[in-house]
Amino acid sequence: MNFKKYILALIMASLAWGGALAQQRFQFSQYMLNNFLLNPAVAGAYDYIDVRAGFRNQWTGFEDAPRSFFLSGHFSPRIFKRDKAELVLPTIGTIDYHLGKGTKASALSGGFGGLFVYDQTGPISRIMFSLSYALHFPISDKLKASLGLQGGFIQYRLNNDELVPDPINGGLDPAVGTGVST
């Protein structure tokens with residue numbers, strides 16, 4: 001019985017040690033038109049260089065409302081080796097896994113991509129830059145599985161001077177301080 005208590009205590013301690021990073025993702029509208037925003041395994045899935053930009057101004061008219069901007073792009077090196085006659089442009093948001101004439105279904109392919117995001121909500125802003133690589137594994141002539149790897153940097157910034165003063169204590173919390181924290 002004591003062994004179960006130790007296991008439970010170990011599990012609870014490990015959960016408390018890790019920290020919660022809730023709601024750290026940026027909010028986007030129409031993300032289904034840009035699959036690469038949410039999934040780095042999409043890099044290089046299209047037969048063209050895919051560059052997209054977007055801006056979201058949430059709660060227009062409210063002071064310090066959330067605003068987000070993104071610029072993303074990805075491509076596959078195989079597009080530079082194909083004949084122009086083989087290129088087929090799919091509709092927006094679809095993935096065309098056409099392998100091209102003379103390409104073996106067993107050939108691995110990959111793709112590279114990049115993402116820049118700026119997000120601001122009141123005194124808090126975030127800038128993110130990341131690079132991605134995806135590896136596509138052909139399962140059949142019309143079906144592929146993909147594995148993506150993404151790495152980058154995120155800068156969090158808090159402008160303490162824009163925080164709302166505490167009316168009860170007559171000002172800002174001295175523990176927060178003033179200036180910009182990055």
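What you see is a predicted model, and the numbers here were worked out from it, not measured in a lab. Below, all heavy atoms of this structure are taken into account, side chains as well, without hydrogens, waters or symmetry copies.
Side-chain polar atoms of D64 and T121 form no donor-acceptor pair below 3.5 angstrom.
Of all non-hydrogen atoms in N34 and F70, the two that sit nearest each other are ND2-CE1, 3.2 Å. The shortest heavy-atom contact between S76 and G110 is OG-O, 3.0 Å. When all heavy atoms are compared, the tightest approach of G111 to P77 is CA-CD, 4.3 Å.
Annotation: the span from D50 atom CG to R52 atom CZ amounts to 4.0 Å, rounded to 0.5 Å.
A distance-only check finds no donor-acceptor pair linking the side chain of S125 to the backbone of D119 [under 3.5 Å]. A donor-acceptor pair under 3.5 Å is formed between the side chain of R78 and the backbone N or O of G44.
For N57, there are no side chain to side chain donor-acceptor pair (under 3.5 Å) partners two or more places apart in sequence or in a different chain. The side chain to side chain donor-acceptor pair (under 3.5 Å) check on S132 picks up nothing, with sequence neighbours excluded. Taking Q155 as the reference, I127, T182 meet the side-chain contact (heavy atoms from CB on, under 4.5 Å) condition, with sequence neighbours excluded. By the side chain to side chain donor-acceptor pair (under 3.5 Å) test, R157 is found to be paired with no residue, residues two or more places apart in sequence or in another chain being considered. Taking the side chain to side chain donor-acceptor pair (under 3.5 Å) definition, one finds that S130 meets it with Q150, sequence neighbours left out.
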Go through the steps for S109 and H136 under the test side-chain hydrogen bond (donor to acceptor under 3.5 Å, both in side chains), then give the verdict. CA-CA 5 Å; S109 63; H136 306 286; 5.1 Å; no

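Between Y133 and F112, the distance from one ring center to the other falls under 6.0 angstrom.
Through direct or relayed side-chain contacts under 4.5 Å between Ile, Leu, Val, Met, Phe, Trp and Tyr, V180 connects to no other residue.
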